[in-house]
Every structure is written in C-alpha cells, then in structure tokens.
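Only one structure is covered here, and it is reproduced in the block below.
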2 protein chains.
Amino acid sequence: MSAQLQNAPTIAAQEHTPVTPRTSQPRERGIPEATVARLPVYLRALQALHESGTPTVSSEDLAEIAGVNSAKLRKDLSHLGSYGTRGVGYEVEYLIYQISRELGLTQDWSVAIVGIGNLGRALANYGGFGTRGFRIAALLDADVSIVGDKVAGLAVGHIDTLEDVVEKENVSIGVIATPASAAQGVCDRFIEAGVTSVLNFAPMVLNVPPGVDVRKVDLSIELQILAFHEQRKSDGHVESGRIGQTGNAR
Amino acid sequence: MSAQLQNAPTIAAQEHTPVTPRTSQPRERGIPEATVARLPVYLRALQALHESGTPTVSSEDLAEIAGVNSAKLRKDLSHLGSYGTRGVGYEVEYLIYQISRELGLTQDWSVAIVGIGNLGRALANYGGFGTRGFRIAALLDADVSIVGDKVAGLAVGHIDTLEDVVEKENVSIGVIATPASAAQGVCDRFIEAGVTSVLNFAPMVLNVPPGVDVRKVDLSIELQILAFHEQRKSDGHVESGRIGQTGNAR
DNA sequence: CCCACTTTGTGCGTACTTTCACAAGGGCGT
DNA sequence: ACGCCCTTGTGAAAGTACGCACAAAGTGGG
Ligand SMILES: NC(=O)c1ccc[n+]([C@@H]2O[C@H](COP(=O)([O-])OP(=O)(O)OC[C@H]3O[C@@H](n4cnc5c(N)ncnc54)[C@H](O)[C@@H]3O)[C@@H](O)[C@H]2O)c1
Ligand SMILES: NC(=O)c1ccc[n+]([C@@H]2O[C@H](COP(=O)([O-])OP(=O)(O)OC[C@H]3O[C@@H](n4cnc5c(N)ncnc54)[C@H](O)[C@@H]3O)[C@@H](O)[C@H]2O)c1
C-alpha cells in the first residue's frame with residue numbers, strides 16, 4: 001500500500017551531543033509538526049529584526065511580529081532547547097542559527113521543477129527561492145517546443161532526463177507544476193529516482209509510499225475555504241471571527 | 001489592536017444556536033476547521049466520480065480517492081447532515097450539491113488580484129479558477145507600464161482604482177501577489193474597501209482586524225518544512241515516516 | 001416477511017495543540 | 001551583595017482532532 005496519514009508522530013530518541021557551543025541544550029528529538037510549520041515564520045521575522053540591527057528580542061515582541069501567541073512561541077522554541085535568557089529575551093542572531101540548523105537550512109537542497117507552464121515559470125523566476133538554501137537544479141517539461149528555452153537563466157530540459165538530473169544534481173525535492181493528469185506519473189518517477197520530498201501544485205491527491213513527504217499547495221482549496229467563511233459572515237451571524245494568517249500546518 | 005494569531009481558535013465553539021427549533025438531527029452550526037479544509041478535496045473527488053458516471057460511492061472508496069481515513073471522512077460528512085444511505089453509500093451528485101452549498105460555492109464570488117507579476121499572471125491565466133464559482137473581477141498593479149495590458153482577457157487596472165473596483169464588482173476575496181513590502185498596504189486597502197477575505201502570496205504576516213480572514217500560501221515555508229523532514233530522514237534515522245499529502249488546515 | 005450482508009453514523013479513548021498562569025532564572029541598579 | 005523587575009520555560013487545563021470499533025439502518029435475496 002501506500003497512501004494516507006496526515007501527520008506522523010515524529011519519533012524522538014537518540015542524539016549524541018550536539019555541536020552547540022557552551023550552554024548547549026540537549027534538545028530532544030521530536031518536534032511537533034505544528035511547531036515545525038511555524039519555525040519558518042519565526043525565522044523570517046528574526047531575519048527582518050537582524051537586518052534592522054536588533055540584537056535581542058523578547059518572546060512577546062517576536063510573537064507579535066510572527067502573529068502568534070507568545071506562550072506558543074516560547075513553547076515552540078523550547079523544543080529546540082533553551083536559547084533564551086530570562087529577563088532579556090532571545091539573541092536574534094543565535095536564534096536564527098539554531099532555527100536554520102533545525103530546519104536543515106544550513107545545507108543546500110537541490111530542487112527540480114517539472115512543468116514549466118505559467119506556474120512553473122513563475123516559480124523558476126521567483127527569487128526568494130535561492131535565498132535560503134534552496135537551489136533550482138533543473139526545469140523539466142514534456143513539451144518539446146519548450147525544451148531548450150531559457151527560463152530564469154536555466155535551460156528547460158526534457159522530462160525524460162528526470163532520472164539523470166535527479167542523480168547528477170542530487171535533487172532532493174521535486175516540485176510538480178504540471179496539469180493534474182500528469183502529476184501522479186511525474187511523482188512516481190521522482191520517487192523511483194530517489195526523491196523523497198515532493199511539493200505538489202497540481203490539484204490532485206498524490207499516492208505515495210511511506211517515507212515520502214508530499215506537501216500540496218492548492219489555490220482552489222484556499223479559495224473555497226475563504227468562501228466558506230465568507231458565506232458564514234453574511235449568513236446572518238454577527239459572529240464568525242476568524243483571525244490572522246492561516247496557512248498550512250503539518 | 002489587531003495583529004497576531006496564526007491559526008484561528010476556531011470559532012465554532014460557543015454558538016449554541018438555539019436556532020433550529022425543529023428535530024435535532026440537522027447540522028449544527030460549527031463545522032470544524034479541519035473538516036472545512038478537507039471538504040474541497042472530497043468535492044473534487046466526487047466531481048471526478050460524477051464525470052466518470054459513478055452514481056454512488058461508499059465512504060471507503062471516497063476516502064481512498066481523497067487520501068484520508070474512511071472514518072474521518074464519514075465524520076466530516078456527518079457535520080453536514082446525514083446524507084448517506086447505510087448499506088449503499090453516498091449519492092455522488094447529491095453530495096456534491098450538499099458540499100458545494102456548505103462551502104458557499106452555489107453562489108459566485110468575485111476575486112480581485114493585485115500584483116500582476118510572474119505569479120499574478122500565472123494566477124490570472126489559471127483556468128481552474130472560474131470552474132468553481134470564482135470569477136476574476138479585476139487585475140490591478142501599481143506599475144503603469146503594466147496597466148492596460150491584457151492578461152487572460154482582462155485589462156490590468158491601476159491599483160488606485162481598487163476601491164472603485166471592489167465596490168462596482170462586489171469583490172469579496174482579495175488576492176495579494178505583490179512583493180512583501182507592498183502587501184500590508186494592499187491588504188489595508190482591501191479591508192478598508194470592505195473585503196473581508198484575503199489570500200496572501202507575499203511572504204509576510206499580514207496584520208488584520210478581527211473578522212477578516214487571511215489565508216497565506218507560502219512557497220518558502222513549504223520548502224523549509226520539506227527540508228526539515230528530509231534532514232531527519234538522512235539524520236541517521238531509519239525512521240521518520242511522514243506520509244501522504246499534507247496541506248493546509250485550519 | 002425474515003435473514004444475511006453492507007455501510008453509515010458515532011461513542012470513546014488517545015494523541016496533539018493551544019493557552020494560561022506562574023515559579024524559577026538572570027540582569028541590573030543601588 | 002541584595003533585592004526588584006522582567007522574561008523564560010513549562011506544568012496543567014482546555015480544546016481539537018483522529019481513528020477504532022460497533023450498533024443501527026437499509027438493501028437485496030429467498
Ligand atoms: N497557474 C496557476 O496559478 C495555478 C494555480 C493553482 C494550481 N495550478 C496548477 O498547477 C499546474 C500547472 O499550472 P499552469 O498554469 O502552469 O499550467 P500550464 O498548462 O501552463 O503548464 C503545465 C506545463 O506542464 C507541462 N507538462 C504536461 N505534461 C507533462 C508531463 N507529463 N511531464 C512534464 N511536463 C508536463 C506542459 O508542457 C506545460 O508546460 C496545474 O496542475 C494547475 O492546476 C496552477
Ligand atoms: N513567483 C513565485 O513563484 C512566487 C512564489 C512564492 C511567493 N511569491 C511571492 O508572490 C509575490 C509576487 O511574486 P512575483 O514573482 O509575481 O513578483 P513580481 O515582482 O513579478 O510581481 C510583483 C508585481 O506587483 C506589483 N506591485 C508592486 N507594488 C505594488 C503595489 N503597491 N500595488 C500593486 N501592485 C504592486 C509590481 O508592479 C509587479 O507587477 C511576491 O511577494 C513573492 O515573494 C512568488
């Protein structure tokens with residue numbers, strides 16, 4: 001079989017002594033998915049603070065910027081270890097390093113995008129990609145009239161070279177931006193080639209074996225969720241209040 | 001104030017709703033967010049079944065297609081009411097109607113996209129948009145060299161006409177595809193103009209007042225989450241198992 | 001009309017999240 | 001050195017979400 005399951009319990013356990021300088025904290029293995037999904041948000045907020053020259057920040061302030069409850073933020077960070085100083089807060093630069101390390105951003109990840117249509121091109125041209133450890137290693141498409149085109153400085157390759165590219169470029173994350181009908185096939189090839197992380201933009205549920213992570217970005221679903229709440233608001237209710245940013249989780 | 005919050009605490013909660021004086025069975029007001037987020041997935045699966053001529057489907061089969069546990073699916077559907085027939089399953093067409101109605105897709109929603117750059121164009125050209133009750137009412141940008149261009153059959157308008165457009169076209173959902181630096185400003189204008197649902201593609205946390213829904217789509221965060229798990233996999237662990245599709249929730 | 005069989009709807013225990021509230025830790029002024 | 005004040009880290013409570021297991025409900029055959 002393959003399919004199903006939402007979040008996984010995350011294991012925990014072993015872990016030698018980290019590299020951390022002095023006050024290193026034992027950090028337990030097993031960070032909650034909900035926390036993992038928020039770490040990138042904290043990281044972005046911290047980088048903004050760092051760029052503006054702020055040396056330290058309290059959980060209260062950082063939480064405000066990140067749009068979360070401060071207790072939640074502290075608990076999230078506590079999963080990484082005790083990197084704060086009571087009475088003071090967290091050292092911005094140090095925390096950036098810790099979160100980056102935890103997320104695996106201290107190493108580079110090669111990404112291959114398949115389906116260089118409207119969306120694929122936008123993704124390829126998206127600068128924010130490389131800013132954080134992600135490198136677009138290849139752009140692939142099945143349409144021979146597109147193959148060879150230069151997009152964002154990269155020549156589009158033919159889908160048939162997927163396996164070669166994955167191996168040569170050591171691709172670890174596959175992005176699928178093809179029509180839904182081709183998504184499963186592309187996904188299977190990625191997996192067969194050894195890729196175990198997939199980001200899917202096609203509006204369909206991919207079937208994958210255990211051990212493979214798939215995250216989906218589905219515009220249509222987002223709109224439908226918004227429509228649901230919008231309808232509620234005008235449904236006569238005075239009530240409804242949804243609040244701040246809701247994105248993905250697990 | 002305004003700011004904060006990530007996922008909303010789910011309104012549901014209180015909302016006794018003494019409303020329905022009738023029989024007890026009917027759907028209580030207050031569908032769990034997690035359920036709302038899955039309804040669109042079920043809907044899509046059902047439509048595929050409908051197109052292939054399938055008249056009824058069991059929770060087991062539908063769950064398989066949607067990639068979820070069948071008990072979860074049944075519980076989700078039970079929030080809408082009892083639309084299944086024991087021993088048979090659910091009537092595809094009827095269920096499509098019920099879910100559509102619940103999601104508010106039986107009415108049309110006008111959408112305005114701001115920021116017609118790489119991503120904005122891809123969104124505008126995205127056909128799947130209109131397929132389900134969503135109509136792109138306007139495309140706006142601040143760059144005068146873009147204003148006037150025809151994208152997906154629509155002329156790009158100037159951002160200064162936002163308020164007029166929202167009123168004239170009765171826009172209820174605003175899509176932000178501008179650089180992060182302009183996102184909050186655009187968001188504020190949308191809200192000021194009366195829009196209470198926003199879909200944000202800019203990598204930043206928007207500050208909004210209560211009553212306004214914001215959903216974000218953040219490519220960078222998705223990649224970072226994948227990187228986290230990818231790192232775990234190679235961290236020596238044999239273990240890690242994340243599985244099937246993970247998308248947004250709440 | 002009754003029985004065997006299928007599938008729904010849901011009670012219940014478990015697990016995960018969020019939030020509150022506060023004791024303990026640490027810096028700083030005196 | 002001492003004590004005050006600020007902020008962290010976290011136990012515990014409350015709220016949600018999941019998925020199992022099964023009684024109830026409906027179908028079709030005999
Ligand atoms: N454009 C958007 O804003 C948007 C939004 C949400 C979802 N999506 C989804 O993203 C996907 C891509 O959207 P798009 O607008 O870029 O579509 P598109 O038609 O512009 O591009 C699809 C590309 O995939 C290529 N392709 C088709 N089959 C392939 C295969 N087997 N192997 C490799 N490449 C193949 C095509 O040649 C084409 O270049 C679709 O599934 C769409 O539903 C798009
Ligand atoms: N392209 C992607 O794949 C991608 C992926 C993830 C996130 N994003 C985010 O989406 C946003 C748009 O990305 P893009 O690649 O399309 O960028 P882009 O630079 O191509 O387009 C941005 C557009 O917004 C317009 N704009 C700027 N300020 C504006 C304002 N105040 N009002 C109205 N319009 C304004 C610009 O004129 C431009 O046309 C960015 O925030 C980016 O980080 C993009």
Side-chain angles (χ1 to χ4, degrees), chain A residues 3-12 23 25-28 30-38 55-64 66-91 94-95 243-244 246 248-250, chain B residues 4-15 24-28 30-38 55-64 66-91 94-95 98 242-244 246 248-250:
Chain A
Q4 82 302 68
L5 287 229
Q6 268 291 67
N7 334 320
T10 321
I11 320 78
T23 59
Q25 260 304 333
R27 63 203 186 48
E28 282 298 338
I31 297 180
E33 267 306 294
T35 294
V36 173
R38 284 187 294 267
T56 63
V57 63
S58 68
S59 62
E60 197 65 55
D61 292 348
L62 183 55
E64 160 105 32
V68 302
N69 174 300
S70 68
K72 189 193 289 183
L73 184 147
R74 287 198 296 281
K75 184 150 287 186
D76 282 342
L77 295 183
S78 76
H79 288 296
L80 314 191
S82 290
Y83 299 133
T85 303
R86 299 177 187 226
V88 178
Y90 301 86
E91 193 196 323
Y94 186 54
L95 197 48
I243 320 191
T246 324
N248 311 25
R250 66 290 312 295
Chain B
Q4 87 302 48
L5 291 224
Q6 259 297 59
N7 326 330
T10 319
I11 321 124
Q14 84 278 19
E15 200 44 278
S24 54
Q25 245 300 326
R27 49 212 186 47
E28 278 298 339
I31 295 180
E33 269 304 296
T35 293
V36 173
R38 283 187 294 266
T56 63
V57 64
S58 69
S59 62
E60 198 65 55
D61 293 348
L62 183 54
E64 160 104 30
V68 301
N69 174 298
S70 68
K72 188 193 292 183
L73 183 148
R74 288 197 297 279
K75 187 156 290 183
D76 281 343
L77 295 183
S78 75
H79 287 296
L80 314 192
S82 290
Y83 299 133
T85 302
R86 299 181 187 221
V88 178
Y90 301 86
E91 194 198 321
Y94 185 54
L95 197 49
Q98 291 301 339
R242 166 88 323 56
I243 319 192
T246 325
N248 310 25
R250 66 291 305 290

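What you see below is based on every heavy atom in this structure, not just the backbone, and it leaves out hydrogens, waters and symmetry mates. Predicted, not measured: the structure shown is a model, and the values here were computed from it. By convention in this document, chain letters (A, B, ...) are assigned in the order of the sequence lines, proteins followed by strands, and residues within each chain are numbered from 1.
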(message) Generate the contact string for nucleotides 20-30 of chain D. Rules: B means base contact, S means sugar-phosphate contact only, - means no protein heavy atom under 4.0 Å.
(response) BB--BBSS---
(request) Specify the separation, in whole Å, of atom CD of Glu60(A) and atom P of dC6(D). (result) 13 Å
(message) Just N and O in the side chain of Ser59(B): are any of them under 4.0 Å from OP1 or OP2 of dT8(C)?
(response) yes
(message) If I take atom OH in residue Tyr90(B) and atom C1' in nucleotide dT6(C), what distance separates them, rounded to the nearest angstrom?
(response) 13 Å
(message) Determine whether the aromatic ring centres of residues Tyr94(A) and Tyr83(A) are separated by less than 6.0 angstrom.
(response) yes
(request) Find the distance between CG (Leu80(B)) and OG1 (Thr35(B)) and round it off to the nearest 0.5 Å. (result) 8.5 Å
(message) Can you measure Leu95(B) atom CG to dT7(C) atom C1' for me and round it to whole angstrom units?
(response) 15 Å
(request) In whole angstrom, give the distance that lies between atom CG of Asp76(A) and atom C1' of dC16(C). (result) 13 Å
(request) Apply side chain to side chain donor-acceptor pair (under 3.5 Å) to Thr56(B) and list each qualifying residue two or more places apart in sequence or on a separate chain. (result) none
(message) Quick test of your reading: applying salt bridge (Lys or Arg N to Asp or Glu O under 4.0 Å), list the pairs with at least one residue in residues 77-87 of chain B, sequence neighbours left out, ordered by first then second residue.
(response) none
(request) Calculate the interatomic distance between Leu62(A) atom CG and dC6(D) atom P; express it in whole Å. (result) 20 Å
(request) Not counting sequence neighbours, which residues clear side-chain contact (heavy atoms from CB on, under 4.5 Å) with Ser70(B)? List them please. (result) Ser59(B), Glu60(B), Ala63(B), Arg74(B)
(message) Rounded to whole Å, how long is the line connecting atom NE2 of His79(B) with atom C1' of dC18(D)?
(response) 11 Å
(message) What is the distance, to the nearest angstrom, from the CD atom on Glu91(B) to the C1' atom on dT8(C)?
(response) 16 Å
(message) Between P on dG9(C) and OH on Tyr83(B), what's the gap in Å once rounded to a whole number?
(response) 11 Å
(request) List for me each residue that meets side-chain contact (heavy atoms from CB on, under 4.5 Å) alongside Ser78(A), sequence neighbours excluded, and say none if there are none. (result) Lys75(A)
